[in-house]
Novice: 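Supplied in structure tokens, the structure appears directly below.
Heavy-atom basis, side chains included; hydrogens, waters and symmetry copies ignored. Residue numbering restarts at 1 for every chain, and letters A, B, ... go by the order of the sequence lines.
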Amino acid sequence: MEFGLSQEQTMLADNVGRYLTDRVDLERIRRFAEDGDDADLWQGLAELGIPALLVPESAGGVGLACLDAALVAEALGYHAAPAPFLGTAVAAPIALAGLPAAEALLADVAAGSARVGLAIGEAAGARADAGVTARDGALTGKALFVTDYPADHYLVADRDGGLHLVAAAAAGVSHRPLTTVDRTRPTGELTLKGVRAEPVSDDPAVLGRLLDVTRVMLAADTLGAAQAMLDKAVAYAKEREQFNRPIATFQAVKHMCAEMAADIEPCRAMVWYAAHALDHLPEEAQVTACHTKAHLAEVGKFVAKTATEVHGGMGFTDLLGLHYWFKRIGYNRQLLGTPEHLREEAARAQQLTA
Amino acid sequence: MDLSYGPEYEAFRQEVRDFIEANRDRAPKGAGLRDPATLEWQKLLIENGYAARTIPREYGGYGAEPDILKSRIIAEEFARGQLSQGLGGQGISMLVPTLLEMGTEEQKRQFIAPTLRGEMVWCQGYSEPGAGSDLASLSTSAKLDGDEWVVNGQKIWTSTAHLADWIFCLVRTEPDAPKHQGISFLLFRMDTPGIEIRPLVDMTGAANFNEVFFTDVRVPKDQIVGARGQGWAVANAILGHERDSLGNPDATLSRLNALIELMRHETIDGVPVIEHPVYRDRLMKLQGRVLAMRCNDLRVLSSRVNGTGGTGLARLINKLQGTELRHELEGFAVDVMGEIGLAYGDNPYLRGHGSWQNQYMYFLGLIIGGGTSQIQKNIISERGLGMPREPKIQKG
């Protein structure tokens with residue numbers, strides 16, 4: 001019995017963490033927020049094998065498991081690092097592995113030379129004017145809040161639970177960027193008018209699994225971001241002096257930090273378990289993924305607020321940059337299902353309601 | 001990640017299940033501490049290694065090598081079979097491990113075996129009216145007079161004092177030493193002249209707690225564990241045991257499943273509560289938190305089994321999170337029942353024998369007892385996050 005990470009997994013997390021510590025400081029995040037250029041970082045992560053992680057060995061990848069990918073997601077969240085991880089490194093191999101028409105694309109993904117955006121948000125509840133309809137092999141409609149934008153290809157969900165691969169350059173595709181609070185995660189909108197796409201699957205279970213996997217990755221990203229905010233809050237409280245003593249000596253401040261730690265720590269085991277379930281416990285995967293993303297969203301929201309408060313007025317400023325983590329946690333919370341949506345899905349998946 | 005226990009352990013699990021099936025009828029049903037059926041069951045469990053499992057044979061235990069997974073399997077299977085895993089109580093769970101570590105050979109031989117058999121019942125004399133969270137400021141005194149300690153003072157929150165044969169008690173023996181270095185750990189009989197016990201009724205209506213008063217209670221000099229003035233170190237070893245055992249996530253899971261059943265059967269205007277989206281959402285929120293705590297528990301278990309570190313914080317938060325979560329879960333069940341959640345005692349509308357109302361209050365007691373949630377937060381921030389202690393106020 002071993003509930004924990006293997007040596008290889010610890011090494012993977014350490015390697016990615018070290019790379020990001022070296023390359024992604026606050027200045028780098030700010031630069032990306034201005035110019036949206038992460039080519040150097042993605043190239044570096046490709047050299048570490050990150051985009052190839054989930055690509056099967058038979059398709060030229062590393063063939064690791066969702067738990068390994070979750071560790072990378074956590075590290076990216078910890079550093080608020082910009083990277084087309086969710087769509088390109090996670091969703092693409094999960095959805096496209098074994099699909100003959102996507103073989104070349106997947107090889108390019110593994111090499112870090114192609115990007116795949118994720119346009120499945122409407123499967124977790126479509127807002128007004130949003131949603132894509134598939135009819136006679138052509139896609140029409142709008143996908144909002146597409147992640148890893150802009151990309152070479154997009155994974156698009158339709159209203160019936162089907163999944164399609166759309167080339168950005170295909171006839172009938174138009175797209176534009178959408179500004180969001182989180183400047184570390186470029187996001188866009190796709191408008192499709194009778195677009196010929198590559199069918200990936202018409203089985204809603206395939207789309208369901210893609211949702212499970214990407215939700216666990218978003219939860220892992222929040223885990224990392226929340227841990228970073230707690231670490232920053234504790235460090236700041238030890239340094240900052242008021243009334244002739246570090247504010248870390250005040251119980252009011254210590255208790256805020258203890259509450260954050262007490263909430264975050266079980267989340268680590270929960271994310272590991274949910275990621276493990278994606279590959280090894282198929283009957284639990286959906287409920288666990290829903291619960292994990294919903295729970296991390298709640299814990300993340302609490303930590304984002306509380307850690308900011310520990311920093312006092314400085315926490316509210318752009319100068320300190322803490323807001324990048326605050327917003328990252330917010331992005332993860334809203335994307336692919338809010339906590340209420342996810343908890344209802346978990347209840348229905350357990351047949352708790354008629 | 002490998003969540004299976006492996007064939008050796010699965011075989012052991014089957015053994016435990018077979019034992020439970022074969023002996024189910026012999027288990028005591030709600031019998032008292034001193035009931036012959038209780039003592040017989042305890043004896044049977046020790047003989048088969050399901051109680052006092054790792055206590056050496058010469059002290060009346062089963063004498064097995066410590067094996068965390070086997071202990072876990074026993075606990076899981078007895079819980080699943082809804083059978084008592086033998087006697088608990090502060091003598092067995094706290095005093096015995098302490099004596100094994102700190103007691104003299106003579107003390108081990110005198111006290112451990114009868115305690116394990118349930119023939120010697122103990123209570124714990126720690127808290128005082130003036131020494132709660134700041135336990136080390138306790139003032140019950142013991143002065144040496146010839147070959148005897150003379151004990152004077154008062155204890156409070158003393159569970160089962162009215163049933164106990166003996167007490168393990170913290171007393172101040174060195175009034176001039178710094179507060180942590182002036183305490184000693186004494187053992188004495190509860191029928192010693194000069195002890196008065198007054199029951200303390202708690203908010204559930206039960207009287208498990210007591211106040212215990214000592215007036216010139218004479219205790220033989222050698223009934224001390226550890227040296228004079230070392231009682232604080234002895235007591236701290238025991239407090240660690242207590243924190244580990246509160247807020248067990250498996251027990252919380254079984255209450256969550258009972259809550260789901262309650263919500264399926266309880267109706268509002270003919271509609272099951274679970275069909276109301278607002279209630280369902282609160283249920284799912286709790287289910288997510290229970291899942292997180294179960295994962296945390298598995299991670300800690302695994303690190304203990306495999307001797308891997310890195311779970312210090314995961315352990316420190318257990319008492320705080322476990323008791324708060326359980327209290328909230330029980331309280332939500334009370335909400336689910338609406339006005340029926342007010343029913344108590346002999347009210348004919350009680351659901352589940354009133355366990356939800358009772359546990360809701362009982363767990364508030366556990367949030368406070370064994371180190372309040374606020375003390376837990378101090379511990380988490382200081383030991384877990386390395387934050388500094390509050391500066392001491394200079395007296396005078």
Novice: Heavy atoms only, distances under 4.5 angstrom: which of B:Gln321, B:Arg294, B:Arg389, B:Arg299 has the most pairs with chain A? Name it, please.
Specialist: B:Arg299

Novice: Is A:Leu67 in contact with chain B via its backbone, its side chain, both, or neither, using a 4.5 Å heavy-atom distance?
Specialist: side chain

Novice: Is it the side chain or the backbone of A:Ala237 that comes within 4.5 Å of chain B heavy atoms, both, or neither?
Specialist: side chain

Novice: Heavy-atom distance under 4.5 Å to chain A: side chain of B:Leu320, backbone, both or neither?
Specialist: side chain

Novice: With a 4.0 Å cut-off on N to O distance, would you call B:Lys179 and B:Asp134 a salt bridge?
Specialist: yes

Novice: Would you check if the side chain of A:Lys293 reaches a backbone N or O of A:Gly337 as a donor-acceptor pair within less than 3.5 Å?
Specialist: yes

Novice: For B:Arg280, is it the side chain, the backbone, both or neither that has a heavy atom under 4.5 Å from a heavy atom of chain A?
Specialist: side chain

Novice: For B:His327 and B:Tyr360, indicate whether the former's side chain and the latter's backbone hold a donor-acceptor pair under 3.5 Å.
Specialist: yes

Novice: Does A:Arg215 come within less than 4.0 Å of A:Glu345, counting only side-chain N to carboxylate O?
Specialist: yes

Novice: Side chain, backbone, both or neither: which part of A:Ala294 has a non-hydrogen atom closer than 4.5 Å to chain B?
Specialist: neither

Novice: Examine whether an atom of B:Asn306 lies under 4.5 Å from a heavy atom of chain A, and if so say whether it belongs to the side chain, the backbone or both; otherwise answer neither.
Specialist: side chain

Novice: Chain B heavy atoms under 4.5 Å from A:Lys254: which part of the residue, side chain, backbone, both or neither?
Specialist: both

Novice: Which one of A:Val299, A:Thr288, A:Asp263 has the most heavy-atom pairs closer than 4.5 Å to chain B?
Specialist: A:Asp263

Novice: Please look at A:Leu342 and chain B and tell me whether the side chain, the backbone, both or neither of the residue comes under 4.5 angstrom of a heavy atom of that chain.
Specialist: neither

Novice: Under a 4.5 Å heavy-atom cut-off, does chain A meet the side chain of B:Arg289, its backbone, both or neither?
Specialist: both

Novice: Between B:Ile274, B:Ile380, B:Leu385, which has the largest tally of heavy atom pairs under 4.5 Å with chain A?
Specialist: B:Leu385

Novice: Is it the backbone or the side chain of A:Ser6 that comes under 4.5 Å from a heavy atom of chain B, or both, or neither?
Specialist: neither

Novice: Would you please classify the geometry between the B:Phe19 ring and the B:Phe78 ring as parallel, tilted or perpendicular, with 30° and 60° separating the classes?
Specialist: tilted

Novice: At a 4.5 Å cut-off on heavy atoms, which part of A:Asp231 comes close to chain B: side chain, backbone, both, or neither?
Specialist: neither

Novice: Where does B:Glu390 contact chain A at under 4.5 Å (heavy atoms): side chain, backbone, both or neither?
Specialist: both

